Number of protein chains: 2
Amino acid sequence: MVTIKDVARIAGVSTATVSRVIHNGGQVGDACRAKVKKVIAELGYQPNANAQALVSKTTKAIGVVTPRLSMSFFGTLASGVENAVSENGYKLLMANSLYETQSELDAIQSLRQHNCRAIILHSEYSDEATLIRLAEEIPGLVLVNRYIPQIANRCVWLDNIRGGQWVTEYLLAQGHQQFAAVTSIYQNRDPAERLQGSRQALMEQGLSLPPERVAKSTANMEGGEQAVKELLARGETFTALLAYNDLMAIGAIHALFAAGIRVPEDVSVVGFDDLPVARACRPRLTTMHYPIEEMAAYAVNLAIKLSNANCQPTGQTYLFMPHLVERDSVTKASR
Amino acid sequence: MVTIKDVARIAGVSTATVSRVIHNGGQVGDACRAKVKKVIAELGYQPNANAQALVSKTTKAIGVVTPRLSMSFFGTLASGVENAVSENGYKLLMANSLYETQSELDAIQSLRQHNCRAIILHSEYSDEATLIRLAEEIPGLVLVNRYIPQIANRCVWLDNIRGGQWVTEYLLAQGHQQFAAVTSIYQNRDPAERLQGSRQALMEQGLSLPPERVAKSTANMEGGEQAVKELLARGETFTALLAYNDLMAIGAIHALFAAGIRVPEDVSVVGFDDLPVARACRPRLTTMHYPIEEMAAYAVNLAIKLSNANCQPTGQTYLFMPHLVERDSVTKASR
DNA sequence: GTGAAAGCGCTAACAA
DNA sequence: TTGTTAGCGCTTTCAC
């Protein structure tokens, strides 16, 4: 391994000078700088990041913790983070939290041990108090997809309520009147908010979403399938189906077809998230686009900024809006 | 930040002793060890990973470089790596290579700067010479999805030829005789091998896959769609369609339906990889399962092993086999 | 069994 | 403009 001393010795200067050259510090003579640069190139010298981190007490590493990378949504989130991170010349440290509060905390701990400068966290289950405490300890902590008033300026999140509202208004505009919904059994945050938005839109038209028309299950394909079966078994009728997310929507479509109900001819179905899979299924899914990649990039830049200045909580927050992507799973209601 | 010195001072011992306790070194008295442990717990002391890395010249970090995390296949790969890595008490460093030779090399460089102990690399475009040179410099380098004879003992790869062969044999067993294929325009490795396997199986039955029945395009959904359109425009007829991967298969199915051809009633379609999306599309895709998560875990353990001993190239290599997953996109050929 | 001390590779005062 | 020097937090001989 070639160290800064080797460079210094061969270039005939001190290590301090080499260090200055590496960091483009102003106070170096041109000739000297050129010589050092030449030696660096010849030797293929690379500063040891650990040593730099040790002495400067900060690293060029950013950590991200998400439930599981194998899920499309989180893969895309991580990808957005990675791009922004490497654009800034930083490194990415990853940790899966596996949807468990404890391993989420463990993941954060181990990231901190490595002195990452900032942490991007997608937390679903940790409570607000924990997150607030964490934010106090970690200047560069940013929450994605979560809003906590006390640390609003570290939250990069999505307006789920409006999302639910807009997608419902769209269905309404297509003439639909009979709605049903499949949603997550965990009625925490996202699912509850999206549903709330839908109910709001419905109410404005004097319509409603009665509880018997809302089936709950796991927030994946199987869950969507299962939930629709339940709806059908109860004999519910509807022309528009609101799914909590794309996965549930696709499962729902499967169950509908299995029951001889065509989408969109008989029933229109909408999803939420706009995962890649929304373009793969048939009919291609009309859904609300979740700008997760942009949000991830935004979160990284915010995290870097926060980690530099030590920012006090401000009232400001970072709210993104979903938008509708029209594809083939919705059609006008036939009267 | 609480350091080892703080612990030592409060426990009334030297830092050396604390260090021994941390590492469960044998030579510490029971009383002393208990006291130190207590203080560590009270203070919430966490060793500084950078300092440890600096002095011990090795880290508990493993790097992984893949083209893009947002692609399902790589997300799953990364997820497999992450699980194995954290099971071993290591940390994961990520870098996207964006399908470019140079950024792939950059990614590796920056990982090395951080002294990761091992690197898991999914390289598609770097040439063998480069990879071999890299392997010489990095003891813990492991290649996923690639086989290079000179460094066979660092390759964790899949038998694509047999995969192509088996899936074709399956179609043959269903009575199909007229085959067509959609494959990647880049006929390097995987696509070429899978096709080769198919041709082999066909030949054994006295059948063949004439060039005009093979359409090439990008290895994604759009490509699959495009390729099938081409086939159809040329007036080719077939009852079985071999797709390079699941994405192309799904695109193909879309194009087929658009042309009024039903899957599987009129044409059977098979994919390769078994991405999550294969269970989302309709009909659900019959495909060859690529055990990427297992391979990733295997690669991690191998990488750790290699980074410990300094292993010389042996003849051994690590070959995984795909297997068929029967779903709904294939049916018996009607004669 | 325990401590003292050297030093990993680097940065940043402070001198010169 | 450049060099000297003192650590950063930790591990690891080598004494005791």
Side-chain angles (χ1 to χ4, degrees), chain A residues 1-40 43-61 89 91 109-117 308, chain B residues 1-40 43-61 89 91 109-110 112-117:
Chain A
M1 182 187 216
V2 26
T3 74
I4 200 171
K5 279 189 189 165
D6 300 321
V7 177
R9 186 169 33 80
I10 296 182
V13 299
S14 74
T15 61
T17 301
V18 177
S19 179
R20 289 186 191 108
V21 171
I22 293 169
H23 298 285
N24 284 312
Q27 314 297 57
V28 184
D30 288 346
C32 179
R33 156 165 288 133
K35 188 173 53 185
V36 171
K37 279 194 170 168
K38 184 155 157 287
V39 174
I40 286 178
L43 264 45
Y45 166 70
Q46 301 265 82
N48 178 322
N50 291 118
Q52 290 182 315
L54 181 58
V55 57
S56 61
K57 294 193 177 325
T58 177
T59 56
K60 296 276 266 177
K91 222 35 340 42
Q109 264 323 316
S110 82
L111 253 26
R112 293 183 66 190
Q113 236 181 77
H114 281 256
N115 296 309
C116 342
R117 191 200 205 96
N308 287 327
Chain B
M1 181 187 217
V2 25
T3 74
I4 199 171
K5 279 188 189 164
D6 300 322
V7 176
R9 186 168 33 79
I10 297 181
V13 299
S14 72
T15 61
T17 300
V18 177
S19 180
R20 289 186 191 109
V21 171
I22 292 168
H23 298 284
N24 285 311
Q27 314 297 57
V28 184
D30 289 347
C32 180
R33 155 164 288 132
K35 187 172 54 186
V36 171
K37 281 195 167 167
K38 184 156 157 287
V39 174
I40 287 178
L43 263 46
Y45 166 70
Q46 301 265 84
N48 179 322
N50 290 118
Q52 289 182 315
L54 180 58
V55 57
S56 61
K57 293 190 176 325
T58 178
T59 55
K60 295 276 266 179
K91 219 44 329 43
Q109 265 322 318
S110 83
R112 293 182 67 189
Q113 238 182 79
H114 281 256
N115 297 310
C116 352
R117 194 202 204 92

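None of the values given here were measured: they were computed from a predicted structure. So that the names make sense, note that chain A is the first sequence line, chain B the second, and so on, each numbered from 1.
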*Starting from C1' on C:dG9, measure out to CG on A:Leu43 and report it in whole angstrom.*
15 Å

_Holding to salt bridge (charged side-chain N to carboxylate O under 4.0 Å, His left out), I want the full list of residues that pass it with A:Lys38, two or more places apart in sequence or in another chain._
A:Glu42

*Intermediate values then yes/no, side chain to side chain contact (heavy atoms under 4.5 Å, CB included), B:Tyr45 and B:Asp6*: CA-CA 9 Å; B:Tyr45 166 70; B:Asp6 300 322; over 6 Å; no

*Test item: A:Val36 and A:Arg33 side chains (from C-beta on) under 4.5 Å apart, heavy atoms*: no

*asked:* What I'd like to find out is whether the side chain of A:Pro47 reaches to under 4.5 Å of the side chain of A:Ile4, using heavy atoms alone.
replied: no

_Going by side-chain contact (heavy atoms from CB on, under 4.5 Å), name the residues that satisfy it together with B:Ser56, two or more places apart in sequence or in a different chain._
B:Thr58

*If the sugar-phosphate is the primed atoms plus P, OP1 and OP2 and the base is the rest, what is the B/S/- string for nucleotides 9-16 of chain D, using protein heavy atoms under 4.0 Å?*
BSBBB---

*Check side-chain contact (heavy atoms from CB on, under 4.5 Å) between A:Val39 and all other residues, then give those that pass, not counting sequence neighbours.*
A:Val7, A:Ile10, A:Ala11, A:Leu43

*Report the end-to-end axis angle of the helix from C:dG1-D:dC16 to C:dA16-D:dT1; each axis comes from five terminal pairs, and the value is rounded to 10°.*
40°

*asked:* My understanding is that only residues two or more places apart in sequence, or in another chain, count here; which of them pass salt bridge (charged side-chain N to carboxylate O under 4.0 Å, His left out) with B:Arg112?
replied: B:Glu137

*Do the side chains of B:Val21 and B:Lys37 get nearer than 4.5 Å, heavy atoms only?*
yes

